[in-house]
Trainee: 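Here it is, the structure in full.
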Amino acid sequence: MKLIDKKLLDETTEKAKLSPRLRMNHNFHESLDDPINRLINAMEPNTYLRPHRHKNPDKNEVFLMLRGSAALFLFDDDGNITEQIILDPKAGVYGGEIPCDVWHTLIVLESGSVVYEIKQGPFAPLSPENMAPWSPAAEEEEETKRFMEKLKSHINK
């Protein structure tokens, strides 16, 4: 059995805090070729998850919030926010399933936040067509800060 407990969440969170990207995965799938990829993703505030989609190959993605909170954003093809929800187990909102061709991102709201992610395998790195062209690349630090602040300004509106 593969156990998901406080110790695992704490250990993965500590690694995320030390990571330049402010996030760290712990995979449960044995190989990247597994038909279902399952992992926890420990994330800290100010980590940047560039808006993306999973198309060609088409993959739905499930997020289950185990600890902490994050704002989940969905967008149309022009980058307009179509839906925004706060994932927060304390508030009774535990997760969401994102269809394959939907642009999405998370903004982490609390230190120590951890999500359990599930998507079809095998693992395939995101191709450029799956990165939102209206969003900054991770290397564009000032632009990513502005973009994240813009998204934060839409929370609870």
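Numbers for residues simply follow the sequence, beginning at 1.
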Trainee: Is the number of heavy atoms from other residues, nucleotides or ligands within 6.0 Å of NZ (Lys152) greater than 12?
Mentor: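 Correct, the count exceeds 12.
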Trainee: State whether the number of non-hydrogen atoms from other residues, nucleotides or ligands found under 6.0 Å of Lys6 atom NZ is greater than 12.
Mentor: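 For Lys6, atom NZ is not crowded (no more than 12 foreign heavy atoms under 6.0 Å).
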Trainee: So, does Thr144 use its side chain to make a donor-acceptor pair with the main chain of Ala138 at under 3.5 Å?
Mentor: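 Not a single qualifying donor-acceptor pair exists.
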Trainee: Between the side chain of Lys15 and the main-chain N/O of Met24, is any donor-acceptor distance below 3.5 Å?
Mentor: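 Checked: no pair found.
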Trainee: Is Lys7 salt-bridged to Glu11, cutoff N-O under 4.0 Å?
Mentor: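 Between Glu11 and Lys7 there is a salt bridge, with a charged N closer than 4.0 Å to a carboxylate O.
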Trainee: With the 4.5 Å side-chain cut-off for hydrophobic clustering, are Phe63 and Met43 part of the same group?
Mentor: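 Per the 4.5 Å side-chain linkage, Phe63 and Met43 are co-clustered.
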Trainee: Between His104 and His52, is there a donor-acceptor pair closer than 3.5 Å when you use the side chain of the first and the backbone of the second?
Mentor: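 Indeed, once roles are kept as given, a pair shorter than 3.5 Å links the two residues.
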Trainee: How long is the straight-line distance from CD1 of Ile98 back to NZ of Lys59, given to the nearest 0.5 Å?
Mentor: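 One finds 15.5 Å between NZ of Lys59 and CD1 of Ile98.
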Trainee: Do you know which two heavy atoms are closest between Gly68 and Pro89, and how far apart they sit?
Mentor: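 In this case the closest contact between Gly68 and Pro89 is O-CD, 3.3 Å.
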Trainee: Can you see which heavy atom on Met65 is nearest to which on Val115, and at what distance?
Mentor: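 So the two residues come closest at SD-CG1, 3.5 Å.
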Trainee: State, without any angle test, whether His154 and Gln84 hold a side-chain donor-acceptor pair at a distance under 3.5 Å.
Mentor: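 Judged by distance alone, the side chains do not pair up.
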Trainee: Considering all heavy atoms of both residues, which atom of Pro133 and which atom of Trp103 are nearest to each other, and what is their separation?
Mentor: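 Distance-wise, the nearest heavy atoms are CD-CH2, 4.0 Å.
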Trainee: Under 4.5 Å between any side-chain heavy atoms of Thr12 and Val114, yes or no?
Mentor: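 When only atoms from C-beta onward are counted, Val114 and Thr12 do not touch, as no gap falls below 4.5 Å.
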Trainee: Under 30°, 30 to 60°, or over 60°: which ring-plane class applies to Phe75 and Trp134, parallel, tilted or perpendicular?
Mentor: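 It falls in the tilted class, 30° to 60°.
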Trainee: Any chain of hydrophobic side-chain contacts (each under 4.5 Å) joining Phe73 to Ile86?
Mentor: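 Yes, Phe73 and Ile86 fall within the same hydrophobic cluster.
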Trainee: Are the side chains of Val108 and Arg23 in touch, meaning some heavy atoms are under 4.5 Å apart?
Mentor: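 A side-chain contact is absent here, since even the closest heavy-atom pair is not under 4.5 Å.
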Trainee: Could you measure the distance from the CE atom of Met148 to the CG atom of Leu49? Nearest 0.5 Å is fine.
Mentor: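 Result: 8.0 Å between the selected atoms.
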Trainee: Search all heavy atoms of Asn130 against all heavy atoms of Asn56 and return the closest pair with its distance.
Mentor: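 Reported closest heavy-atom pair: ND2-O, 4.5 Å.
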Trainee: Pair Leu3, Leu8 - check side chain to side chain contact (heavy atoms under 4.5 Å, CB included), show working.
Mentor: CA-CA 8 Å; Leu3 187 62; Leu8 177 63; over 6 Å; no
Trainee: Take Ile155 and Leu109, measure what side chain to side chain contact (heavy atoms under 4.5 Å, CB included) needs, and give me the verdict at the end.
Mentor: CA-CA 10 Å; Ile155 294 175; Leu109 303 175; 3.7 Å; yes
Trainee: When you measure from the side chain of Ser111 to the backbone N and O of Glu44, does any donor-acceptor pair fall under 3.5 Å?
Mentor: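 Not at all, since once roles are kept as given, no pair shorter than 3.5 Å links the two residues.
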Trainee: Which heavy atom of Ser153 sits nearest a heavy atom of Lys150, and at what distance?
Mentor: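 Minimum heavy-atom separation between Ser153 and Lys150: OG-O, 2.6 Å.
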Trainee: Are Leu39 and Tyr116 connected in the hydrophobic side-chain network, where two residues link if heavy atoms are under 4.5 Å apart?
Mentor: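 The answer is no; the residues belong to distinct hydrophobic clusters.
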Trainee: Nearest 0.5 Å please: distance from the CG atom of Leu106 over to the CG atom of Leu72.
Mentor: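 Output value for this atom pair is 5.5 Å.
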Trainee: Please report the closest heavy-atom contact between Gln120 and Asn60, naming both atoms and the distance.
Mentor: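 Shortest heavy-atom contact: OE1-N, 2.9 Å.
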Trainee: Kindly indicate, with the supporting measurements, whether the criterion side chain to side chain contact (heavy atoms under 4.5 Å, CB included) is fulfilled by Arg67 and Asp10.
Mentor: CA-CA 10 Å; Arg67 177 169 76 185; Asp10 289 347; 2.7 Å; yes
Trainee: Quick one: pull up CG in Asn25 and CZ in Arg38 and give me the separation to the nearest 0.5 Å.
Mentor: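 Here the rounded value is 13.5 Å.
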Trainee: Does a salt bridge link Lys17 with Glu14, judged by any charged N lying under 4.0 Å from a carboxylate O?
Mentor: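 Yes, charged N to carboxylate O under 4.0 Å.
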Trainee: Please check: side-chain N/O of Asp34 versus main-chain N/O of Ile36, any donor-acceptor pairing under 3.5 Å?
Mentor: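 No; zero donor-acceptor contacts below 3.5 Å.
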Trainee: So if you build clusters from Ile, Leu, Val, Met, Phe, Trp, Tyr with side-chain heavy-atom gaps below 4.5 Å, do Tyr94 and Leu87 land together?
Mentor: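 Per the 4.5 Å side-chain linkage, Tyr94 and Leu87 are not co-clustered.
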Trainee: I'd like to check Pro122 versus Leu32 (side-chain heavy atoms, cut-off strictly below 4.5 Å). Are they in contact?
Mentor: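 No. Closest side-chain heavy atoms not under 4.5 Å.
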Trainee: Measure the shortest side-chain to side-chain distance between Glu129 and Arg53 over non-hydrogen atoms and say whether it is less than 4.5 angstrom.
Mentor: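 Yes. Closest side-chain heavy atoms under 4.5 Å.
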Trainee: Are the side chain of Asn80 and the backbone N or O of Asp76 linked by a donor-acceptor pair below 3.5 Å?
Mentor: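 Between the backbone of Asp76 and the side chain of Asn80 there is no qualifying donor-acceptor contact (under 3.5 Å).
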Trainee: Quick one: OG on Ser31 to CG on Asn37, what's the gap to the nearest 0.5 Å?
Mentor: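 Going from the OG atom of Ser31 to the CG atom of Asn37 covers 8.5 Å.
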Trainee: Starting from Val62, can I reach Phe28 by hopping between I/L/V/M/F/W/Y residues whose side chains sit under 4.5 Å apart?
Mentor: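 In one cluster with Phe28: Val62, yes.
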Trainee: Just verifying a value: how many Å separate Tyr48 OH and Glu140 CD, rounded to the nearest 0.5 Å?
Mentor: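 Output value for this atom pair is 8.0 Å.
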Trainee: With a 4.5 Å heavy-atom cut-off, do Thr82 and Val102 have their side chains touching?
Mentor: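 Thr82 vs Val102: side chains apart.
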Trainee: Between the side chain of Arg50 and the main-chain N/O of Thr105, is any donor-acceptor distance below 3.5 Å?
Mentor: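 Not a single qualifying donor-acceptor pair exists.
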